[in-house]
Amino acid sequence: MRTSFSIRVLGLLLTAACSQQAYADSGAITPDSIHIQRCSACHYVDGKSPGPEFPNIAGQYEAYLNKALAQFKANKRESDAMELITSLHKQQELVILANYYAQQKPDTTPSITSPDLTLKAKGEQLYKAERVYGIACVDCHGADARGYVRKSPRTKATRAIPRLAGQKPAYLMAMMQKYSGDSVNHGMCAMRKAGKTLSQNDVKALVEFLASK
Ligand code: HEC
Ligand code: HEC
């Protein structure tokens with residue numbers, strides 16, 4: 001399973017390496033110096049990814065991208081593709097890539113343009129309802145679902161809550177299903193607690209709401 005996936009990934013990498021066109025918008029950072037070609041097959045050069053299973057990473061917070069990449073590299077967040085890709089990069093290169101993708105413009109067009117209004121309303125209600133430790137999704141991810149980055153004045157630790165607005169519906173669905181199951185094996189403790197309180201129908205409603213933002 002893992003082997004055949006790796007072969008597919010290597011195929012994608014070769015395709016990407018041959019596709020000079022994809023670098024048109026890469027600006028000052030050259031693909032040679034930071035290996036953007038290794039990312040562009042699945043996230044494009046501008047971070048607005050093709051395919052429903054590849055998350056958009058354009059304009060996502062740098063601190064969150066860094067955290068996610070470090071988790072993949074340390075095999076603390078499960079993904080065959082991303083664990084393999086990050087193993088091919090030095091930590092320093094991943095930091096440059098996170099900085100690059102954070103600077104790209106996020107996708108601001110809603111992925112669902114004519115939502116099921118009943119489902120969307122239920123999603124909005126769930127998004128605002130108190131859930132884990134009396135906290136609602138909205139308290140962490142924000143009314144506009146754009147998340148935030150904050151430095152704790154006391155510990156100086158950076159807290160990064162990812163942007164959800166403009167994210168792919170299928171990816172949002174997959175992530176929430178992961179959180180609501182027992183299989184998640186990475187450091188998203190806040191989300192694991194929130195996810196466990198969601199039914200399949202709740203997840204559908206939340207996706208309808210978030211993807212139409
Ligand atoms: C073969 C396809 C593929 C390639 C190439 C690839 N990615 Fe990914 N990427 C994915 C998939 C699939 C996910 C979703 C993983 C999951 O389910 O957690 C992902 C997730 C991510 C995430 C987490 C996004 C989030 O919202 O949590 C980041 C950051 C990321 N990729 C950055 C990169 C960078 C940087 C590169 C190049 C070094 C890269 N990816 C190359 C497929 C790929
Ligand atoms: C206590 C704060 C908190 C609450 C409450 C919370 N989240 Fe999150 N959420 C996070 C953090 C932090 C992450 C990123 C996890 C990480 O960094 O490992 C995240 C990640 C996510 C992701 C994956 C994003 C991506 O790009 O991979 C989705 C989807 C999500 N949350 C949806 C929700 C929904 C829906 C709710 C309410 C049911 C919710 N969250 C409640 C903090 C929270």
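Indexing begins at 1, ligand by ligand and atom by atom, following the structure's order. Just the heavy atoms: all of them, side chains too, but no hydrogens, waters or symmetry mates, feed the values below.
Ligand-side atoms of ligand 2 in range of Pro162: 11 (C), 13 (C), 14 (C), 19 (C), 20 (C), 24 (C), range being under 4.0 angstrom from any heavy atom. Close contacts of ligand 2 with Cys140, meaning ligand atoms under 4.0 Å from a residue heavy atom, involve 1 (C), 2 (C), 3 (C), 4 (C), 5 (C), 43 (C). Interface of Leu97 with ligand 1, defined as ligand atoms under 4.0 Å from a residue heavy atom, comprises 38 (C). Close approach of ligand 1 to His89 is summarised as follows: ligand atoms under 4.0 Å from at least one heavy atom of the residue are 38 (C). Atoms of ligand 1 lying under 4.0 Å from any heavy atom of Ile85, numbered from 1 in the order shown and given with element: 4 (C), 5 (C), 37 (C), 38 (C), 41 (C). Of all atoms in ligand 2, numbered sequentially from 1 with element shown, those under 4.0 Å from a heavy atom of Ala136 are 5 (C). Each of the atoms 29 (C) of ligand 1 lies under 4.0 Å from some heavy atom of Leu65. Atoms of ligand 2 found under 4.0 Å from any heavy atom of Gln71, numbered from 1 in the order shown, are 18 (O). Close approach of ligand 2 to Leu172 (heavy-atom distance below 4.0 Å) involves ligand atoms 29 (C). Listed by number with element, the atoms of ligand 2 under 4.0 Å from a non-hydrogen atom of Met176 are 35 (C). Those atoms of ligand 1 that come under 4.0 Å of a heavy atom in Ser79, given as number and element, are 15 (C). Shown in contact with Glu53 at under 4.0 Å from a heavy atom are these atoms of ligand 1, numbered in order with element: 12 (C).
Donor-acceptor pairing under 3.5 Å is lacking for the side chains of Arg163 and Tyr148. One side chain, Gln177 or Gln200, offers a donor N or O that lies under 3.5 Å from an acceptor on the other. Side chains of Asp46 and Gln104: a donor-acceptor N/O pair is absent below 3.5 angstrom, by distance only.
Linking ILVMFWY residues whenever their side-chain heavy atoms come closer than 4.5 Å, directly or via other members, places Val138 and Leu126 in the same cluster. Clustering ILVMFWY residues whenever any of their side-chain heavy atoms sit less than 4.5 angstrom apart, transitively, puts Leu210 in a cluster other than the one holding Ile112. By the rule that hydrophobic residues join a cluster once side-chain heavy atoms approach within less than 4.5 Å of another member, Met82 and Val45 end up as members of one cluster. Phe209 and Leu198 end up in the same hydrophobic cluster when Ile, Leu, Val, Met, Phe, Trp and Tyr side chains are linked at under 4.5 Å. Ile161 and Tyr64 are members of different hydrophobic clusters when ILVMFWY side chains are connected at heavy-atom separations under 4.5 Å.
Few gaps surround CD on Gln91; more than 12 heavy atoms of other groups in view lie less than 6.0 Å from it. Within 6.0 Å of atom NZ in Lys122, more than 12 heavy atoms from other residues, nucleotides or ligands are found, so the atom counts as buried in its surroundings.
If you check each of Pro55, Ala102, Ala70 against atom 11 (C) of ligand 1, the one with the closest non-hydrogen atom is Pro55. Nearest-heavy-atom check against atom 36 (C) of ligand 2 across Gly134, Gly123, Cys137 picks out Cys137. Heavy-atom proximity to atom 21 (C) of ligand 2, evaluated over His141, Arg159, Met175, Arg163, is greatest for His141. Taking each of Phe72, Tyr100, Phe54 in turn, the one with a heavy atom nearest to atom 22 (C) of ligand 1 proves to be Phe72.
At least one heavy atom of Lys178 sits under 4.0 Å from some atom of ligand 1. A heavy-atom separation below 4.0 Å is not found between Ala68 and ligand 2.
Residue Met82 counts as close to atom 8 (Fe) of ligand 1, with an N, O or S atom under 2.8 Å. The distance from atom 8 (Fe) of ligand 1 to the nearest N/O/S atom of Cys42 is not under 2.8 Å.
Taking only nitrogen or oxygen atoms, main chain and side chain alike, Lys67 reaches within less than 3.5 Å of ligand 2. At least one N/O-N/O distance between Arg77 and ligand 1 falls below 3.5 Å. The shortest N or O to N or O distance between Tyr64 and ligand 1 is under 3.5 Å. Below 3.5 Å of separation, one finds no N or O of Arg38 facing any N or O of ligand 1.
Asn56 places none of its side-chain heavy atoms less than 4.5 Å from the side chain of Tyr44.
Glu78 approaches Lys178 most closely through the heavy-atom pair O-NZ, 3.7 Å.
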| request: Starting from the C-alpha separation in whole Å, work towards a yes-or-no answer on side-chain contact (heavy atoms from CB on, under 4.5 Å) for Leu94 and Asn66. | output: CA-CA 7 Å; Leu94 295 174; Asn66 271 318; 5.7 Å; no
| task | Decide yes or no on side-chain contact (heavy atoms from CB on, under 4.5 Å) for Thr113 and Ser212, but give the supporting numbers first. | result | CA-CA 6 Å; Thr113 44; Ser212 55; over 6 Å; no
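In summary, Lys128 and Glu124 engage in a salt bridge, as defined by a charged side-chain N under 4.0 Å from a carboxylate O.
When non-hydrogen atoms are compared, ligand 2 lies under 4.0 Å from the side chain of Tyr171 (C-beta onward) but not from its backbone. Proximity of Thr86 to ligand 1, defined as any heavy-atom pair under 4.0 Å, is not found for any part of the residue. With a 4.0 Å heavy-atom cut-off, ligand 2 is reached by no atom of Thr197.
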